[in-house]
> 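I'd like to ask you about the structure that follows.
Per chain, numbering begins at 1; letters A, B, ... match sequence-line order. Just so it is clear, the values below take in all heavy atoms, side chains as well, and ignore hydrogens, waters and symmetry mates.
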Amino acid sequence: MTLEVHDLGASVLVQDRGRRGWAHLGVPRSGALDAPAAALANRLVGNDEDAACLEVLLGGLGLSSDADIWTAVTGAPCRVEVDGRPREFGAAVRLRAGSTLRLGRPEAGLRSYVAVAGGIAVDAVLGSRSTDTLGRLGPAPVGLGDPLPVGRASGAPAAADTPRPPLPGPLRLFEGPRADRVAGDALDLLCRTSYTVSPDSDRIGLRLLGDPLPVERREELPSEGMVLGAVQVPPDGRPVVLLADHPPTGGYPVVAVVAEEDLWQCAQLRPGETVTFTSASRR
Amino acid sequence: MKTLPVGRNAVLVEVTTSEEAVSLATWARDRSLARDVVPGAATVLLDGVDDPGALPDVLAAWRPTESGPGPLVELPVTYDGADLEYVARRWRCSVEEVVSRHQSVEYVAAFCGFAPGFAYLRGSDEEVPRLDTPRTRVPAGSVALAGRWCGVYPTESPGGWRILGRTDAVLWDVTQPQPALLAPGTRVRFHDATTGFTRR
């Protein structure tokens with residue numbers, strides 16, 4: 001079974017849960033940026049959570065299948081249509097052979113996820129089908145007219161999944177290894193500052209604009225391992241939250257780490273939107 | 001040795017040298033202490049740890065001298081790089097002397113970064129500054145220097161290191177069980193590209 005892509009919006013990438021265990025060789029982990037949304041889309045069509053789906057930036061995707069198939073759209077809420085007729089967002093939708101599924105531009109958020117029963121079955125590289133935009137591993141970004149192979153469906157679509165989508169809120173912070181590079185209490189300073197999302201943000205990092213942190217300009221740190229969600233502070237004092245395609249080693253100090261459960265929000269924040277932090281240990 | 005918390009499921013272990021970082025990373029990997037064990041220049045990141053609080057006790061059993069030398073890779077190089085003469089001027093010696101010094105060092109892959117399979121090779125005492133403006137395209141196999149590091153570009157990419165030459169060896173192959181030829185801990189020697197390439 002094969003999908004055909006007729007329309008592309010800003011960007012469409014194949015993503016699964018990413019490549020773990022290769023960071024020591026310089027391989028980013030990659031994977032769906034809004035992991036809970038991708039997992040929900042997979043559950044809705046009866047896939048296990050490792051299946052690969054499509055990460056669609058700002059809608060605009062149009063695709064058809066050469067056989068009847070269950071699909072589901074989650075993540076950034078958008079209009080879902082089959083052959084021009086509205087269908088439910090966040091639910092299993094039957095796509096008949098030859099019909100076209102279309103995603104409108106989301107009214108909020110950035111990234112919508114399209115799962116199909118059986119998953120996108122492009123070849124896995126180092127155990128994952130994810131496109132790594134930094135290390136350029138995995139499939140190339142989806143192009144117009146590209147045929148996308150679909151795997152064998154393993155389960156029935158979930159007729160009534162009752163997920164509780166996580167609610168947005170301040171990003172919870174844990175202590176980072178180099179908090180002492182900031183003059184004062186790094187966590188406290190981050191929590192007291194209101195940031196806006198820079199348009200330079202991407203799958204590598206959420207770049208934040210706001211009052212710069214007073215980071216000490218000591219000698220550059222020798223390269224050290226970086227984790228997903230690390231809040232890195234370059235010499236300009238403007239924090240960057242490292243996302244799925246981040247380099248596995250780096251030399252800027254990590255002063256805090258965003259709780260993994262909150263990282264999905266970083267996938268959906270638009271340039272210019274406000275970001276606030278709170279301490280994970282504060283009740 | 002000092003352990004620093006990195007969020008809820010990771011710990012950064014500070015050691016004193018790159019040798020210790022490679023040794024500790026090998027030791028931790030052998031014991032599956034974390035999902036990702038990432039050596040840095042003088043640290044080891046243990047990422048994906050269920051009980052980070054228990055790690056300091058476990059790590060106390062590590063001895064820096066425990067792991068032996070890593071595997072040796074010998075790489076044939078054609079020394080025709082664009083920066084060979086710059087490096088010679090910088091080191092105040094002949095091009096032949098640059099090649100001879102490069103071949104006299106036994107390098108060790110300290111850690112990876114920049115690109116999949118790109119290893120930072122330590123062992124040299126001599127420095128060269130990076131290019132002020134990186135090249136937009138450096139071919140795969142380029143053998144280059146920056147600071148005291150040596151590196152071999154595993155794939156074509158932009159890059160600001162000073163290029164000495166090129167090797168035909170495959171540095172990165174995702175179809176192999178060990179995709180990186182120069183994983184951390186690997187020893188590397190360079191020689192003229194006439195005597196073939198061996199991996200032991």
> Out of A:Val258, A:Leu134, A:Val125, A:Leu137, which one racks up the most heavy-atom pairs below 4.5 Å with chain B?
A:Leu137
> At their closest point, which heavy atom of A:Val257 faces which heavy atom of B:Gly7, and how far apart are they?
CG2-N, 3.6 Å
> Determine whether more than 12 heavy atoms belonging to other residues, nucleotides or ligands lie under 6.0 Å from atom OH of A:Tyr252.
no
> Return the OG to CH2 distance between A:Ser223 and B:Trp149, rounded to the nearest 0.5 Å.
7.5 Å
> Tell me, out of B:Gly48, B:Gly40, B:Pro5, who's got the most heavy-atom pairs with chain A below 4.5 Å.
B:Pro5
> What part of B:Val37 is in contact with chain A, defined as an atom under 4.5 angstrom from a non-hydrogen atom: side chain, backbone, both or neither?
backbone
> Quick one: does B:Pro116's side chain get under 4.5 Å of A:Trp22's, heavy atoms only?
no
> Checking an interface table here. Which of residues 153-161 of chain B come within a heavy-atom distance under 4.5 Å of chain A?
B:Glu156, B:Ser157
> Of all the heavy-atom pairs spanning B:Leu45 and A:Gly225, show the shortest one and how long it is.
CD2-C, 3.5 Å
> Restricting to pairs with a member in residues 202-213 of chain A, which pass salt bridge (Lys or Arg N to Asp or Glu O under 4.0 Å), not counting sequence neighbours?
A:Glu55-A:Arg203, A:Arg203-A:Asp245
> Under a 4.5 Å cut-off applied to non-hydrogen side-chain atoms, are B:Arg29 and A:His24 in contact?
yes
> side-chain contact (heavy atoms from CB on, under 4.5 Å), that's the test. Do A:Met226 and B:Val6 meet it? Break it down for me.
CA-CA 9 Å; A:Met226 295 284 139; B:Val6 187; over 6 Å; no
> More than 12 non-hydrogen atoms from neighbouring residues, nucleotides or ligands closer than 6.0 Å to CG on A:Asp236, yes or no?
yes
> Do any of residues 81-112 of chain B have a heavy atom less than 4.5 Å from a heavy atom of chain A, and if so, which, in residue order?
B:Phe111, B:Cys112
> Step by step, work out the side-chain contact (heavy atoms from CB on, under 4.5 Å) result for A:Val27 and B:Trp172.
CA-CA 11 Å; A:Val27 175; B:Trp172 178 248; 3.5 Å; yes
> Could you tell me which non-hydrogen atom of A:Ala23 sits nearest to which non-hydrogen atom of B:Val38, and how far apart they are?
CB-CG2, 3.6 Å
> Heavy-atom count around A:Asp50 CG within 6.0 Å, excluding the residue itself: above 12?
yes
> List the steps and the verdict of salt bridge (Lys or Arg N to Asp or Glu O under 4.0 Å) for A:Glu175 and B:Arg8.
CA-CA 9 Å; A:Glu175 197 184 335; B:Arg8 209 171 8 183; over 6 Å; no
> If you look only at pairs with a residue in residues 36-62 of chain B, which of them pass as a salt bridge (Lys or Arg N to Asp or Glu O under 4.0 Å), with sequence neighbours excluded?
A:Arg20-B:Asp36, A:Arg29-B:Asp47
> So, for B:Ala183 and A:Leu25, which heavy atoms are closest and what is the spacing to 0.1 Å?
CB-CD2, 3.7 Å
> So does B:Glu126 have more than 12 non-hydrogen atoms from other groups sitting under 6.0 Å from CD?
yes
